[in-house]
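Following: one structure in structure tokens, then a few remarks.
Note that this is a predicted model, so its numbers are computed, not measured.
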Amino acid sequence: MAHHFANDIPSRLLMWQRVREYAVPPSMIETATARREVGDWSGACAAARIDIDLDLRAVRKRHGTDVATLLRADLRRLAPDLLRWHMPRIAPDGRLRPGLTISLARYGGSGGPPLQLVVRTPPTSADAGQRMSLALWEGPGRSVPGHHPHPHPDRRHRLDLHRHLWDSGRSGELARRCGADAVPPMVPVDRSDGSRCPALPDLPGHLDHADHPDPVERAAVDASWAVSRWAAEAELLLRAEGCPRGAFTVRLGARSRAVLELVAPDDSHAPTFRPLPREELPPQQVAALPVLPEAAARIPPDLELLRAGLVAADRLHPLVAAALAEPSPAAAAGPAPEPHDPHRVRCRGEVHRIALRDGVLTAIDHDPAELRREELLVALGGPALPCVRAIDTVHRSPEALPAVRERLLHGDVIGALAVVEGLLGPGALLPDGPLRRELESAATRRIDHGLFRSGLVAVHPAARAAGGGSASAAAHADASHRPRLDRRTPHSMVRKRSSRARPRTGLAG
């Protein structure tokens, strides 16, 4: 195992290391794969915590048999666990990027926008369980979920040009598309003045923007950007947009965007690009240019983790590991294994054992009658035995609490409960403490997701504008609108509305 120092590893890679450990558990991959291989695509989506918001019969009736046949074939090839594996995530905890609508496939039709198979992530207020939904996008103003903040397919996060990230039949294309099967070449970049500048090699450390004012050069220095693949991926992007050559943009940061132009192939028939000056195009035209998808602009995190020795190939998704086929230079730096030996506590001058007996964590070196007397003594305010104190501490805040938190954060409730049961036993009664509060918080936040799924939330203004909402929808989207409480209102909403607590508000200076 290669020795790494925390300061030498980028925080982004540490986040992806935790994501690969907890976000898509092996049990989900096994269940979803088994159901997909027998043709049960809806069962595979259920195993990957993806809700189905489409009806094939309605699609056949509305769009014809040909479109329904293509859609059914894509659903049978869909690997929902692989899709969850490659979904965009946000720092610092690696949750799914909220409020996204990502296009997976397009089905051309005569006139109007093409029908698109999309996957949606809930907003931050309803992301408990980290569930996603599979739906069809028929165009603006049609089948728009009014409670979703961004119902339009996102231009930057799109997977219709990257089917290998969700199509089980094309997952082997990952190595070719990300450049893992070849040494990263020195990409020729044509400058606007006609001169050629080779892309900079990957250099360690942080470089100031003053050293490389050109955004393309700064991206070439950063090892996370796949600059060597931008020209080939831009050719696919522009071809999908109906133009063989032209300008496109690459988002490099919150306020940084590179405007590039794909030029004619050179003598080696390799596509190249050149930066365009900002003064050459007006801002409105730049905003309308095609955007290079994030999946094409960056190197896949799995490849970075393998090259850095932060994960082993056998810890990756099986389809990803088979596609990359690159043995890691070192073993995985996974979490330290938890001791399976019973807890040992020094009590009354001796070393006593604490272990699971009959599904409950107990002090096996004490008589049950003695333990009952000690618990009664503690209830009356007396001091507790060290063994009793150790059991109470484990129930309130165990050492495995960070692992439980990570699993709950990514929606793996079954895995979190398995960790708790393996530590405390299935018959444990949790007292008030951090562990119980984490479990109760996860259960409470699932109610918010249920309200979001059922549509019992205010219509989001962005969704109303996208769908051409009516005046009544505008009234419900208004922040001052407070729906009347009745017997159909969920109890959680009644409790929240009747509470005297109020959120803090900023004071205008």
Review point. Angle class for the His148/Phe452 ring planes (parallel below 30°, perpendicular above 60°, tilted otherwise)?
Key: tilted
Practice item. Mark yes or no for whether Thr121, through its side chain, and Gly99, through its backbone, hold a donor-acceptor pair below 3.5 Å. Key: yes
Check your understanding: Quick one: CZ on Arg76 to CG on Leu78, what's the gap to the nearest 0.5 Å?
Key -> 12.5 Å
Exercise for review: Report yes or no: does Arg35 contribute a side-chain atom to a donor-acceptor pair with the main-chain N or O of Gly43 at less than 3.5 Å?
Suggested key: yes
Check your understanding: For Arg251 and Arg155, what are the C-alpha separation, side-chain angles and deciding distance, and is it a side chain to side chain contact (heavy atoms under 4.5 Å, CB included)?
Key -> CA-CA 11 Å; Arg251 186 182 184 275; Arg155 299 173 59 207; over 6 Å; no
**Study point:** Check against salt bridge (Lys or Arg N to Asp or Glu O under 4.0 Å), Asp53 and Arg120
**Key:** CA-CA 10 Å; Asp53 293 339; Arg120 289 190 172 101; over 6 Å; no
Check your understanding: Would Arg298 and Ser224 satisfy side-chain hydrogen bond (donor to acceptor under 3.5 Å, both in side chains), going step by step from the backbone distance to the final call?
Key -> CA-CA 6 Å; Arg298 288 186 178 272; Ser224 65; 2.9 Å; yes
Review point. How long is the span from the CG atom in Leu13 to the CZ atom in Arg307, to the nearest 0.5 Å?
Key: 12.0 Å
Review point. With a 4.5 Å limit on heavy-atom distance, are the side chains of Leu174 and Leu319 in contact?
Key: no
Review point. Would you say Leu276 and Leu260 make side-chain contact, with heavy atoms under 4.5 Å?
Key: no
Exercise for review: Determine, stepwise, if the pair Asp302 / Trp85 fulfils side-chain hydrogen bond (donor to acceptor under 3.5 Å, both in side chains).
Suggested key: CA-CA 10 Å; Asp302 297 320; Trp85 185 274; 2.9 Å; yes
Exercise for review: Compare all side-chain heavy atoms of Leu54 with those of Leu75 and state whether any distance is below 4.5 angstrom.
Suggested key: yes
**Study point:** Main-chain N/O of Leu252 paired with Ser256 side-chain donor or acceptor, under 3.5 Å
**Key:** no
Practice item. Indicate yes or no: does Arg95 engage Asp93 in a salt bridge with an N to O separation below 4.0 Å. Key: yes
Study note, to complete from the structure: Correct closest heavy-atom pair for Arg257 and Ala287 would be NH1-CA, 4.0 Å
Check your understanding: Using 4.0 Å as the upper bound for N to carboxylate O, is an ion pair formed by Glu173 and Arg170?
Key -> yes
Practice item. Apply side chain to side chain contact (heavy atoms under 4.5 Å, CB included) to the pair Leu136 and Leu71, showing each step before the final yes or no. Key: CA-CA 10 Å; Leu136 288 177; Leu71 176 60; 4.0 Å; yes
Check your understanding: Where do Val19 and Met87 land on the side chain to side chain contact (heavy atoms under 4.5 Å, CB included) test, with the steps shown first?
Key -> CA-CA 11 Å; Val19 167; Met87 284 293 289; over 6 Å; no
Exercise for review: Mind running side chain to side chain contact (heavy atoms under 4.5 Å, CB included) on Leu82 and Ser171 for me, showing each step along the way?
Suggested key: CA-CA 9 Å; Leu82 182 64; Ser171 60; 4.2 Å; yes
Check your understanding: Does any non-hydrogen side-chain atom of Leu100 lie less than 4.5 Å from one of His150?
Key -> no
Review point. Pick one: which of Leu165, Leu159, Asp167 meets side-chain contact (heavy atoms from CB on, under 4.5 Å) with Leu83?
Key: Leu159
Point to revise | Heavy-atom side-chain contact between Leu104 and Asp160 under 4.5 Å | key: no
Check your understanding: Does any N or O in the side chain of Arg49 come within less than 3.5 Å of the main-chain N or O of Gly129, such that one atom is a donor and the other an acceptor?
Key -> yes
Exercise for review: First locate atom CZ of Arg445, then atom CG of Asp448, and finally report the distance between them rounded to the nearest 0.5 Å.
Suggested key: 7.5 Å
**Study point:** Gln130 side chain near Pro122 side chain, heavy-atom distance below 4.5 Å
**Key:** no
Check your understanding: Quick one: does NZ or CZ of Arg77 land under 6.0 Å from the six-membered ring centre of Trp166, within 45 degrees of the ring axis?
Key -> no
Exercise for review: Look up atom NE2 in His164 and atom SG in Cys178, then write down how far apart they are to the nearest 0.5 Å.
Suggested key: 7.0 Å
Practice item. Decide yes or no for Asp127 and Pro98: does some side-chain heavy atom of the first lie under 4.5 Å from some side-chain heavy atom of the second? Key: no
Check your understanding: Where the side chain of Thr31 meets the backbone of Met28, is there a donor-acceptor pair that is under 3.5 Å apart?
Key -> no
Point to revise | Any donor-acceptor pair under 3.5 Å from Ser441 side chain to Arg437 backbone | key: no
Review point. Do the ring planes of Phe273 and Trp230 sit parallel (below 30°), tilted (30 to 60°) or perpendicular (above 60°)?
Key: tilted
**Study point:** Any side-chain heavy-atom pair of Arg97 and Arg89 under 4.5 Å
**Key:** no
Review point. Is a side-chain N or O of Arg315 found less than 3.5 angstrom from the main chain of Arg20, in a donor-acceptor match?
Key: no
Practice item. For Ile52, look at atom CD1 and say whether over 12 heavy atoms of other residues, nucleotides or ligands are found less than 6.0 Å away. Key: yes
Check your understanding: Between Tyr107 and Asp74, is a side-chain hydrogen bond (donor to acceptor under 3.5 Å, both in side chains) present by the stated rule, with each step listed?
Key -> CA-CA 11 Å; Tyr107 309 97; Asp74 284 341; 2.6 Å; yes
Check your understanding: How many angstroms lie between atom CD of Glu304 and atom CG of Leu310, to the nearest 0.5 angstrom?
Key -> 10.0 Å
Practice item. Calculate, to the nearest 0.5 Å, the distance between atoms CD1 and NE2 belonging to Ile102 and His86 respectively. Key: 12.5 Å
Review point. With the threshold set at 4.0 Å, does a side-chain nitrogen-carboxylate oxygen contact exist between Glu138 and Arg62?
Key: yes
Practice item. Evaluate salt bridge (Lys or Arg N to Asp or Glu O under 4.0 Å) for Arg176 paired with Glu233, printing each intermediate quantity in order. Key: CA-CA 11 Å; Arg176 179 180 61 83; Glu233 295 293 337; over 6 Å; no
